[in-house]
Protein chains: 2
Amino acid sequence: MQDIDAIDRTILSILSQEARIPMKSLAGRIGLSRSATTERVTRLEKAGVIRGYRADIGQLEEGTIQAFLLVTLKRTPSIGVLDRLAGFSSVRKVSSVSGQLDLVVEVEVGSINALNELRNEVATMDNVEDLTTSIVLRRDIERS
Amino acid sequence: MQDIDAIDRTILSILSQEARIPMKSLAGRIGLSRSATTERVTRLEKAGVIRGYRADIGQLEEGTIQAFLLVTLKRTPSIGVLDRLAGFSSVRKVSSVSGQLDLVVEVEVGSINALNELRNEVATMDNVEDLTTSIVLRRDIERS
DNA sequence: GGTGCAACCGGCATATTGCCGGATGCATCA
DNA sequence: TGATGCATCCGGCAATATGCCGGTTGCACC
C-alpha cells in the first residue's frame with residue numbers, strides 16, 4: 001500500500017485533468033468497484049500524493065503583466081505558503097527549486113497595482129523570508 | 001452577466017482551493033441557493049474563467065530535469081545571448097525581466113550532467129555576468 | 001490450518017445533482 | 001404606464017452519487 005501502482009497512476013492522471021469527476025465514473029474508467037476506487041483515492045489523499053483539488057482559473061480580465069516571484073522560505077517545505085499561493089488565481093505556476101531560492105512563482109496580473117498587492121501578500125506570509133519580484137518585459141523564447 | 005462580481009470572485013477563490021466541494025456547501029458559504037450557485041459556476045465554466053478542475057499532485061515523474069537559470073547580463077539587451085540560448089533545444093522558455101535579474105531561462109534536460117554542461121555554456125557566454133541555477137524539485141502548481 | 005491483513009465487492013440509508021416551473025427585479029419601448 | 005424580454009434567483013422532485021457497513025478473497029507468516 002506504500003507503493004503507487006499502475007492503477008494509482010491512472011487515477012492520478014484522470015484526476016489531474018478532471019478533479020470533479022464522480023468516484024463512480026472514475027471507478028468505471030479504471031475497472032474497479034466504486035468502493036475500491038474511493039479507498040484508493042482516500043489513501044492517496046492521506047499519503048499526501050494528492051494534496052487537494054483546485055479549480056483552474058483562466059484570466060479574469062486582460063491579465064497581461066507577467067512576473068516571477070523568487071521566494072526564499074524560512075523553513076521548507078511550507079504547505080501553508082503553497083496553499084495560500086494556490087488561492088490566488090493570478091498564480092500560474094509554482095516550482096519548488098533547489099539552491100538558495102525555494103520557490104519560483106509565475107504570476108499573471110492585470111495591473112501593476114495588482115502585482116504590488118500580490119507581492120505584499122506573499123511577502124508578509126509567515127514563512128516567507130525573502131521575495132524578489134521580476135516583471136517580464138518580453139517573452140523571448142517560448143516552446144510548447 | 002459578462003461581469004465577474006464579488007460573488008463570482010468568492011466562488012473562484014473557494015473552488016481554487018477545494019475544487020471537489022459539493023455545490024450545496026459552496027452555496028451555503030456564499031449565501032445563495034444551490035441552483036443559483038450552480039448556475040454561476042456553470043456560467044464561469046462556459047465563459048472559460050474556470051478552465052477545469054485539477055488534482056494537485058505532490059510528486060514529480062522521473063525522467064526529465066527542469067531548472068531555472070537566473071541570468072544577470074553585463075549589458076542589456078543582449079541579442080547574442082538570446083540567439084545562443086535559442087540554439088539549445090533544452091531551453092524551453094526565456095523571459096526578459098526587470099530588476100536585478102535580466103533573464104529567466106527555463107530549461108528541461110535529461111540528466112544533471114546535461115544541466116551542468118548547459119550551465120557552463122551559458123555562464124561563459126560573453127555578456128553573462130552572473131548565473132544562478134535552481135533545479136525544480138517539484139511542480140507545486142501548474143495552470144495551463 | 002489458523003491468524004492477520006490489504007484490497008476488493010455489493011447494498012442500503014443519506015446526501016447531492018440535474019432539471020424543471022415559477023417568482024422577482026430591472027431595463028426597454030410603444 | 002403597462003407590456004415584453006431577460007438575467008437571476010428560489011424550491012421541489014426524481015435520478016444519481018456518496019458514506020458507511022459487513023462480507024469475500026488472496027496472500028504472507030507462523
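Naming convention: chains lettered A, B, ... in sequence-line order (proteins, then strands); numbering from 1 in each chain. Please read all numbers here as calculations on a predicted model, not as lab measurements. Computed from heavy atoms alone, side chains included, the values below leave out hydrogens, waters and symmetry copies.
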Problem - Partners passing side chain to side chain contact (heavy atoms under 4.5 Å, CB included) against B:Asn127 (at least two apart in sequence or in another chain) - result: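 Side chain to side chain contact (heavy atoms under 4.5 Å, CB included) list for B:Asn127, sorted by chain: B:Leu73, B:Lys74, B:Arg75, B:Ser78, B:Val81.
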Problem - Within 6.0 Å of CD in B:Gln100, more than 12 heavy atoms from elsewhere - result: no
Report the residues that fulfil side-chain hydrogen bond (donor to acceptor under 3.5 Å, both in side chains) with [X], sequence neighbours left out, ordered by chain and then residue number.
X        : answer
B:Glu108 : B:Gln66
B:Arg84  : none
B:Ser134 : none

Practice task
Determine which pairs satisfy salt bridge (Lys or Arg N to Asp or Glu O under 4.0 Å) with at least one residue from residues 15-34 of chain A, sequence neighbours left out, and list them in order.
Solution key: A:Glu18-A:Arg29
[N] [atom2] sits how many Å from [X] [atom1], rounded?
X       : N      : atom1 : atom2 : result
B:Arg43 : D:dA7  : CZ    : P     : 11 Å
A:Leu44 : C:dA6  : CG    : P     : 16 Å
B:Glu39 : C:dA23 : CD    : C1'   : 13 Å
A:Glu45 : D:dT18 : CD    : C1'   : 13 Å
B:Arg40 : D:dC9  : CZ    : C1'   : 10 Å
A:Glu18 : D:dA17 : CD    : P     : 14 Å

Problem - DNA chain D contacts among residues 20-37 of chain A, heavy-atom distance under 4.0 Å - result: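 Those residues are A:Pro22, A:Met23, A:Lys24, A:Arg34.
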